[in-house]
Structure formats: structure tokens, C-alpha cells
Amino acid sequence: MNRAERRAREKEKKKDSNKKVEALAWLRSLPPAKQILIDSLVKIEAKKENNNLLQAIDRCFSAAVFEELENLEWEDVKRIIDKSAELMLDDAHKMKNLKESLGGSYDMAIKKINEEMAPEVEKRVRELIKDGYNQKVSVKMLIEEFNTLSTAMLTNTYKKTKAIIKDEENIKKISEKKESAENVNKIKDAMGEPDKEVADALEYIFEDELKENLNNKKGIDENKDEIQEKEIKNSKLKIVKEITKVIEREVQGEYGLYNIKGSVVTVDEEFAFSSAKDVNCWASAERENLLKQIEEIKSKINHINSCEHEAIEVIETFMNI
């Protein structure tokens, strides 16, 4: 936006502000009864417009999803729309709280989010991705750590940061390949073309040694496979996915799917652990919580039983008097 456009925009904004001031002054000059009537009519019309806008958003949103994802059924899209409505309410609530904490200014709230809070969230997202946490667990942790921001804000920041990291990794790979190619060319320039006779002679001299090394390597690999097969054969766990490049595995057990990435194990994309101690702490907390619930249920059952006996006694004793 250039200077002329900025000035035109500021002029239009000032004009709208003046109109609002004039309209408010006119409204206050009216008798109280008319003020209440006009206020009610404005609210009714605003509600209609708001409902129309929400319906248009739902129609366009569902149509866009169907265009991009043809295999989805109507129930799937309806569930997505309901989820988006839930996210909107949460976002509106969090924005309202931010505005109130900053004197009721929407612009100040957006500025605080973009300039102060967004960099902190991005930094934390990078740490979580580096530690191997998946999206579901990461967003859950972000919601707890940045409770003044909405789920929608945090989820979008997670996905944007992940895309940035991917772009950075691609740029780094391209740079490394380019550097490697330049080094190879430098070596070729320094050494010149290889002598074919010398190459043939080296191959002839070391042929037996090369064959022996290959056979030894093959034997080691076969023994390694046999050991691994024996270890897994006696267990009910089986590896369903293994990415050795980034040291990531998915192991299917009787009670869940385990994703192992780096030093973090994620269970059914819900719980994440980095040690046996973490698992023990989680299990103890869950058991303690269940025992409390059981005690509460027992107490309620006893109360119901007591009420039942007492109510029957009252009916039998006093109803026939």
C-alpha cells in the first residue's frame, strides 16, 4: 500500500467514524422510549444479517470441502462444520477477553498476538516437532501453555510452522546437493580424467578382497535379521511401519498403536511418553482418578438406596392416613 492509498483509507475511516458519532448523538437526543425501540429494531436486523452470513459461510465452506475432497460423505462435512462452529465460538471468546484486557481495542489485540505471542508460539511448536510430538498432542500442550489464545489460532500456527520447517529442510537439502556437486567438480578439475588402465589394474588386484568383504557383510546382515526375527517372534507386538532415515516406527500392540519417533513414544495419537517413569506416573494418576470416581459412584448409589427406602417408608406410613 502506497502513501496515497494509505491516506485515502485513513480519510474513509475518519469519515465513517464521524458518521457513527453523528448517528449516536442523534439517537441520544430522542426520548427514551424511541431509543429503546430503535435499539431493539437494530438488534433484530443485526441478528438476521448475522444468521444470513453464518448460513452463507456454512454453504460455501461445505461446497469447498466437497470440491477438494470428493470422497467425503455429507455426515463427515456436517461434523467438520459443527467443529468449525465450536472453534469460532472459542475464538470469539478468547478475542473478547484479549480486547477487554487491552482496553477494548480489536486492533491492539491483533497487534499483541502478531508481534508478541506468535513468535513465542512458533518457537514452542519448533521444539515440540523436534522432540517428535505429533499434531494432536502438540496442539493439546499448546492449549495448556498458551491459554489466552484460541484453539484455532494455535492449530493454524502449528500447521504454518510445520510448513515453514519443511521448506527450510528442502532449501537446506538443495544447498547441500549444490555444494556437493561443486566439490566433485573441483576434485575432477584437480585430478583430471581417471586413467582406465590404472582403474582396471586396481580392480584386478583387489577383486578377491572385495568379494570377501561383500560376503562377510552379507553374513552379518543375515545374522542380524535372524536375531531380530527371533526377538519379535516371541512377542505379540509387530512392526507395522519403520522409517530408518528419521528413526521412526509404528508398533501395533494388543491395546494400542505406538508411534516411536526420536525419544518420544505416542500412544494412539493421544498420550506421549519419553521414559518408563512417565508411563508409571500417567498410569498411577489414571488409576487414582478412577478410584475417586468409583468412590463417588458408590456414595451416590448409597444415597439413592437410602432415599428409596425412606420414600417407600413415607408412602406406606403416611399415604393411607
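Note that the structure is a prediction, hence the values are computed from the model and not measured. Keep in mind that the numbers below use all heavy atoms, side chains included, and drop hydrogens, waters and symmetry copies.
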*Asks:* I'd like to know if the side chain of S84 reaches the main chain of I81, judged simply by a donor and an acceptor atom lying under 3.5 Å from each other, with no hydrogens or angles considered.
*Replies:* yes
*Asks:* Just so I know, are the side chains of E73 and D76 near enough to count as touching, which here means a heavy-atom distance under 4.5 Å?
*Replies:*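 A side-chain contact under 4.5 Å exists here.
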*Asks:* Just do the side-chain contact (heavy atoms from CB on, under 4.5 Å) check on Y258 and E250 with the steps written out, would you?
*Replies:* CA-CA 5 Å; Y258 303 85; E250 282 189 1; over 6 Å; no
*Asks:* Looking only at non-hydrogen atoms, find the nearest pair between W74 and S62 and report the distance.
*Replies:*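 In terms of heavy atoms, the two residues are closest at CZ3-CB, 4.4 Å.
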*Asks:* Show me, pair by pair, the donor-acceptor contacts under 3.5 angstrom made by side chains of residues 272-283, not counting sequence neighbours?
*Replies:*
from : atom 1 : to   : atom 2 : distance (Å)
S274 : OG     : D278 : OD2    : 2.8
S275 : OG     : D278 : N      : 3.3
D278 : OD2    : S274 : N      : 3.1
N280 : ND2    : A276 : O      : 3.4

*Asks:* Starting from M117, can I reach I110 by hopping between I/L/V/M/F/W/Y residues whose side chains sit under 4.5 Å apart?
*Replies:* yes
*Asks:* Any sub-3.5 Å donor-acceptor pair from S299's side-chain atoms to E295's backbone N or O?
*Replies:* no
*Asks:* Identify whether L142 and L87 are in the same connected component of the hydrophobic contact network (ILVMFWY, side-chain heavy atoms under 4.5 Å).
*Replies:*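 No, L142 and L87 fall in different hydrophobic clusters.
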*Asks:* Might you confirm whether atom CD of E168 has over 12 heavy atoms from other residues, nucleotides or ligands at distances under 6.0 Å?
*Replies:*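 More than 12 within 6.0 Å, yes.
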*Asks:* Could you go step by step and tell me if E127 and R124 meet the salt bridge (charged side-chain N to carboxylate O under 4.0 Å, His left out) rule?
*Replies:* CA-CA 5 Å; E127 292 172 354; R124 183 61 178 134; 3.1 Å; yes
*Asks:* Quick check: is L89 connected to M95 through a chain of hydrophobic side chains (ILVMFWY, heavy atoms under 4.5 Å apart)?
*Replies:*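 No, separate clusters.
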*Asks:* Is there a donor-acceptor pair closer than 3.5 Å between any side-chain N or O of N289 and the backbone N or O of A285?
*Replies:*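 No; zero donor-acceptor contacts below 3.5 Å.
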*Asks:* Any Lys/Arg nitrogen of K123 or E120 sitting under 4.0 Å from an Asp/Glu carboxylate oxygen of the other?
*Replies:* no
*Asks:* I need the I143 CD1 to N147 CG distance, nearest 0.5 Å.
*Replies:*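 Going from CD1 on I143 over to CG on N147, the span is 10.5 Å.
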*Asks:* Do T266 and F271 come within less than 4.5 Å of each other through their side chains, counting heavy atoms only?
*Replies:*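 They are not in side-chain contact.
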*Asks:* Following the transitive rule for hydrophobic clusters with a side-chain heavy-atom cut-off under 4.5 Å over Ile, Leu, Val, Met, Phe, Trp and Tyr, establish whether V267 and V251 coincide in one cluster.
*Replies:*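 Yes; V251 is reachable from V267 via cluster members.
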*Asks:* For the atom pair CG (D167) and CD (E169), what is the distance rounded to the nearest 0.5 Å?
*Replies:*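 So the CG of D167 and the CD of E169 are separated by 9.5 Å.
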*Asks:* Do the non-hydrogen side-chain atoms of L98 and K94 ever get within less than 4.5 Å of each other?
*Replies:* no
*Asks:* Drop me the distance from L37's CG to L30's CG, to the nearest 0.5 angstrom.
*Replies:*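 Answer rounded to 0.5 Å: 10.0 Å.
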*Asks:* What distance do I165 atom CD1 and N170 atom CG have between them, rounded to the nearest 0.5 Å?
*Replies:* 12.0 Å
*Asks:* Answer whether the closest heavy-atom distance between the side chains of V121 and L149 falls below 4.5 Å.
*Replies:*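 They are in side-chain contact.
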*Asks:* How about CD on Q293, more than 12 heavy atoms from neighbouring residues, nucleotides or ligands closer than 6.0 Å, or not?
*Replies:* yes
*Asks:* For the atom pair CG (L128) and NZ (K130), what is the distance rounded to the nearest 0.5 Å?
*Replies:* 12.0 Å
*Asks:* Can you tell whether the side chains of R126 and E122 come within less than 4.0 Å, N to carboxylate O?
*Replies:*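 Salt bridge flag = yes for E122 with R126.
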*Asks:* What I want to find out is whether K83 reaches E86 closely enough, with some N-O distance under 4.0 Å, to be called a salt bridge.
*Replies:*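 So K83 pairs with E86 through a salt bridge.
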*Asks:* Quick one: side chains of residues 151-158, donor-acceptor pairs under 3.5 Å with protein atoms, not counting sequence neighbours, listed by atom name and distance.
*Replies:*
from : atom 1 : to   : atom 2 : distance (Å)
T155 : OG1    : T151 : O      : 2.8
N156 : ND2    : A152 : O      : 3.1
T157 : OG1    : M153 : O      : 2.8
Y158 : OH     : Q135 : N      : 3.4

*Asks:* Report the distance from atom NZ of K162 to atom OG of S138, rounding to the nearest 0.5 Å.
*Replies:*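 So the gap between those two atoms works out to 8.5 Å.
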